[in-house]
Amino acid sequence: MFIKIDFVSDIPIYQQIKDQVVEGIASGKLSGGEVLPSVRQFAEDLGVNMHTVNKAYSKLKNESFVVVHKRQGVVVNSLENMRDPKFLNEMGEGIKTLIAQAYCKGITEKEFVEKCRKFYSLFNKG
Amino acid sequence: MIIKENIFWLSFSIIIVLSFLGFIIPFLQKKTILFGSRIPVEIIDHVEIRQLKKNYKHVYLTAEIPFLITAWVFLNNFSGKLIFTIILFAQLILMLLIYAVYNGKVKQLKKTILDRESIRPGKEVSIVDTGFRDGKYLISVLWFVPSVLILFANIIILLLSYDNIPERIGLHFNMQGSITLSVQKTFFHVMHIPLNSVFILAVFVFVYYSIKRSKQEIDSHAPETSKLKDRHFRLIWSDYSVIVCTTAITWLFFLSLYMNRLLKIPSAIFELINIAFPLLIFLSAIVLALRTGQSGSKLKINVPVTGTGMNNVNDDRYWKLGAFYFNPKDPAIFVEKRYGVGWTINFGRPVSVAIIIVLAAVVIIIKLLSGK
């Protein structure tokens, strides 16, 4: 799966890596069991510091999107193992800010929900 | 005898081939890199960019013709290794010099076009593939096993027949295979050639490893196509490295038996191999380079190109003279060349500098030990 990094973006590089890996898993471009590049190799290919890749990987690991095997390295977790009902509460604050922004910009509830549906069906297909 | 009569033609042909390479090398790159500079996809076919390419060819030929005439005169009137070496280096420097001038020119022109026509190039992003090194993109490292076995066989045969080796053995030889320096048999002198083989094998394994590890060169405008090309490119060159390595180790095996007087090689065959082998490697590498292009730019890939409209991150300032990569902030040690076909190292990394020092030291030590 291609990872695209924008070096002048406000979004930190580790966050860009993390977001794209998660999106890759949701859309099916990355499947459970797939091995991701080693920290060193990934850093060299991207031309970024190893700490940056390490940070992305440890965040992904903490949120169980990936598991770190001693021999294989960083491996995409299976969707079953990622399941976590508590996440509904955890995401509350983040989604509240997003909805507040959308509300202020005049996005209606219907439009917002429609957008959500679109992405859900996209990921369901994957 | 072939050699002596044709030494002039042989040396002059090498200079001619190099000259031809200097002419063609800048155009073996993919279109988004010209004279070592990243060209935004919006202007790769711009008329002034095309003119600059033509202009390079004219200037190159104008400089090369008098140079080649001078080389001809010198090689014709003087013989010897030194004069050839000087001309060889002069040729290489001339090639690089003209290229460096055009590196400066293209950077200027790029700016001028973008400013004058107020083109806003697509976003600059770096793209890598997480699965780039999955599947078949390199020959298996196990293909080095034959070389290792031949090398072991070489050492074992020399050890077993040590007592049968005469008291005086050959150390140096000329192109015809006549021994020009004989020395008293010592363990080191007997093992002198296998020691060289160990070094050669190590160098090829190192090359293999650098092909594997080298930074991905993915075109942000056409990620899928350039990824496939780069992978195919690595596969072909890793195959080639293994073939050259195995052949070289095999030849050294026979050579060591010959020098230790365990095997007679007819001088005609000896001479033939001595000329044909380096020439074959030199020419096959060139043919292969012309067919693959840098990062596989000349390879045909049956994937529809869907342009993303994005550009690679402009890293021109790290490419000194458009040819030497110096970027202390990039953790990568191996990167694809800007001038030529293959890989180079990031001179901004201490590890790379250490690699050069170690390689040079080993070469010097082997030379010193063999008494040259």
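Naming: A, B, ... by sequence-line order, numbering from 1 per chain. FYI, side chains are in, hydrogens and waters are out, and symmetry mates aren't considered; it's all heavy atoms of this structure.
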Exercise for the section: Flag yes if more than 12 heavy atoms outside A:Tyr120 fall under 6.0 Å of its OH atom; otherwise flag no. Expected result: no

Completion exercise
Partner of B:Thr130 under side chain to side chain contact (heavy atoms under 4.5 Å, CB included), picked from A:Leu30, A:Val74, A:Val35, is A:Leu30

Problem - Criterion side chain to side chain contact (heavy atoms under 4.5 Å, CB included) against A:Phe2, the qualifying member of B:Ile218, B:Thr308, B:Val128 - result: B:Ile218

Problem - Crowding at NZ, A:Lys115 (>12 non-hydrogen neighbours, <6.0 Å) - result: no

Handout entry: Any side-chain heavy-atom pair of B:Ile127 and A:Ile3 under 4.5 Å
Key = no

Problem - Over 12 non-hydrogen atoms of neighbours within 6.0 angstrom of NZ in A:Lys29 - result: no

Handout entry: Flag if over 12 foreign heavy atoms under 6.0 Å of CD, B:Glu117
Key = yes

Practice task
Decide if atom CZ of A:Phe87 counts as having more than 12 heavy atoms of other residues, nucleotides or ligands within a radius under 6.0 Å.
Solution key: no

Completion exercise
Taken to the nearest 0.5 Å, the spacing of B:Asp129 CG from A:Met1 CE works out to 9.5 Å

Completion exercise
Most contact-rich option vs chain A, by heavy-atom pairs under 4.5 angstrom, among B:Ser220, B:Pro331, B:Ala332, is B:Pro331

Practice task
Kindly check if the number of other-residue, nucleotide or ligand heavy atoms within 6.0 Å of NZ (B:Lys136) is above 12?
Solution key: yes

Practice task
Drop me the distance from A:Phe42's CZ to B:Gln216's CD, to the nearest 0.5 angstrom.
Solution key: 8.5 Å

Handout entry: Side-chain ion pair, A:Asp45 and B:Arg133, N-O less than 4.0 Å
Key = yes

Exercise for the section: Indicate yes or no: at least one non-hydrogen side-chain atom of A:Ile5 is less than 4.5 angstrom from one of B:Val125. Expected result: no

Practice task
Look at atom CD of A:Gln15 and say whether more than 12 heavy atoms of other residues, nucleotides or ligands are closer to it than 6.0 Å.
Solution key: yes

Problem - Heavy atoms of other groups near A:Arg117 CZ, more than 12 under 6.0 Å - result: no

Fill in the blank from the handout: Interatomic distance, NZ@B:Lys329 vs CG@A:Asn49, rounded to 0.5 Å, equals 11.0 Å

Handout entry: Options B:Glu224, B:Glu217, B:Glu124, ranked by heavy-atom pairs under 4.5 Å with chain A, top entry
Key = B:Glu224

Practice task
Specify the closest pair of heavy atoms between B:Arg213 and A:Gln41, including all atoms of both residues, with the distance to one decimal.
Solution key: O-NE2, 3.1 Å

Practice task
Please flag which part of A:Val8 lies under 4.5 Å from any non-hydrogen atom of chain B: side chain, backbone, both or neither.
Solution key: neither

